[in-house]
There are 2 protein chains.
Amino acid sequence: MNNNPRKKEIISKAARLFKKRGYSAVTMRDIADSLNIKAASLYNHINSKQEILATIIIEIAEAFTSGMVEVQTPQLTTQEKLQKIIELHIDLTVKNPEAMACLNNDWMHLEEKLPYFVKMREDYEENFRAILKKGIAQGEIGSRDIEIMLFSMLSTLRTLYIWYTKKDGVSAVSLKNDLPVTLLKGIIK
Amino acid sequence: MNNNPRKKEIISKAARLFKKRGYSAVTMRDIADSLNIKAASLYNHINSKQEILATIIIEIAEAFTSGMVEVQTPQLTTQEKLQKIIELHIDLTVKNPEAMACLNNDWMHLEEKLPYFVKMREDYEENFRAILKKGIAQGEIGSRDIEIMLFSMLSTLRTLYIWYTKKDGVSAVSLKNDLPVTLLKGIIK
DNA sequence: GTCTATATAGTGATAGAC
DNA sequence: GTCTATCACTATATAGAC
C-alpha cells in the first residue's frame, strides 16, 4: 500500500508515542523530536496528524477483518474457530503492539475514516457472536450469557498488548500455549 | 472527603467527557459547556484540570485498595477470593463507570499523584498474583502461567465499564450471575 | 458564583529559503 | 528533505467587575 520508507518511519515513531500517551497528548513536535527533525519537516511526508492515526488504525483493523474471514471456515468446530481467533490476536499483537494500542484507545479520534472503522469493528464482533451462538446451539459451549462470553474474550484479547510489552511480561510462546486453555477452560480445576 | 456539591457536579460532568474522549482531548471549555457556564467560572470550585483528574482516579483506586484488603480474609478458599474480586470490580463499575474509564485510560496523565497511583496499582496486582499462586500450590487452580491467568482476569474486569455502559449492554444482574463462572470455569463445556 | 477580558504558552499547519 | 519564520487558533489559568 505504501512503501515510502521515511513515511513508514514517521508512522512507526508516532505509534510508539500514541501508545504511551494517547493521540491527543502527542504533538507534531513530539513526533518530530523522536526523529530528530523539526515539526515542519514532517509535512513533506505526511499530510496531517490525522492521516498518521488513520494509517495506523485502518491497516491493523483490516488485518483483523481479513483474519476473521479465514476463521469462518465451515469445516472447523467452534473450539477450533475460537482457537484461531485467539491466535489471530496474538499474532497481530506480537507483530505490532503499538498499532494495537492505537486501535484500542484512539479509534474515537478518527475523523474521515471513523464510520469505516466502526463498521469493521461491529462486523468483527457480530461474526464472533455468531460463532459463539452456533457453539451453544451445537452444545459445544456452555449456555451462559453470550455477551459476557464475547466481552470476556475480547477484553482479554484486545488488551494483550499491555502485558506483552511490559518488562517481565508474557512471551509469544507462553501466550500461544496457555492463553487458549485459560480463556476456553477457565482457571479453576 | 469533599462535600462541595458544585465541585462534585463539575467532577461528574468532567468524568463523563473524559470517558468518551480521554483527558487530553477534553478542554476546560468542554467541561464548562456541559454545565452551561464559562470556563473561567470553573476555577471558583477547582484549582486545575489536573485536580479534577486526580480526584476522579485516586478515589476509585483507593476503593479498589481497600476492597482488596477484605478479599484477603484468610478463611476463604481461592475460589471464594476470586469470586470476591470479581464482585468488587462489578460493584465499583456499576457505581461509577466513568471513573473506571479514567482509571484505565488516563492514569498516565496524572502528575503529582502518579507515584501514589502506580504504587496502589502494583500492590493490587501483587496481591492478586499471590492469591493465584497460593491457589496453584493448594491444587485449587490449574498450574498454568500465572501472568496469563492474572492478565486475562484483570483485562476483562478492568474493561467491564465498556460493555456495561453500551446500549444493549450487559446488566449488573447477569454480570453477577455469569461473569464468575465464565472467568473461572471457561467457555467450552 | 459567574462573567468579560486577558496573559502566556502551545497547537497543527504553511511559505519559502537552502 | 530539512530548515526558519510565522500564521491562525486554541489551551489552561488569572484578574477584577458585577
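Here the structure is a predicted model, which means the values were calculated and not measured. To find a chain, count down the sequence lines: A is the first, B the second, and so on, and within it residues start at 1.
Only Val26(B), Thr27(B), Met28(B), Arg29(B), listed by number, bring a heavy atom of residues 25-38 of chain B to less than 4.0 angstrom from any atom of DNA chain D.
Ion pairing between a basic and an acidic side chain is recognised when a charged N comes within 4.0 Å of a carboxylate O; Asp91(B) and Lys176(B) show such pairing. By the 4.0 Å N-to-carboxylate-O rule, Glu87(B) lies too far from Lys84(B) to be salt-bridged with it.
The nearest whole Å value for the distance from the CG atom in Leu42(B) to the P atom in dG1(C) is 13 Å. Spacing between atom NZ of Lys8(A) and atom P of dG1(D) amounts to 16 Å, rounded to whole angstrom units. Atom NE2 of His109(A) and atom C1' of dG12(C) are 15 Å apart (whole Å). To the nearest angstrom, P of dA13(D) lies 8 Å from NZ of Lys49(B). Taking atom CD1 of Ile10(B) as the reference point, atom P of dA13(D) lies 13 Å away to the nearest angstrom.
For the pair Lys49(A) and Tyr23(A), the cation sits on the ring face: its NZ or CZ lies under 6.0 Å from the ring centre, inside 45° of the axis.
Of the side-chain N and O atoms in Tyr43(B), one or more sit less than 4.0 angstrom from OP1 or OP2 of dA13(D). OP1 and OP2 of dG1(C) both lie 4.0 Å or more from every side-chain N or O belonging to Ser41(B).
For His89(A) and Tyr124(A), the ring centers sit closer than 6.0 Å to each other.
With rounding to the nearest 0.5 angstrom, the OG1 atom of Thr93(B) is 4.5 Å from the CE atom of Met100(B).
Although no hydrogens or angles enter the test, the distance criterion places no donor-acceptor pair under 3.5 Å between the side chain of Asp30(A) and the main chain of Val26(A).
Judged by closest nucleotide on DNA chain C, Asn4(B) is the one of Ala40(B) and Asn4(B) placed further toward the 5' end.
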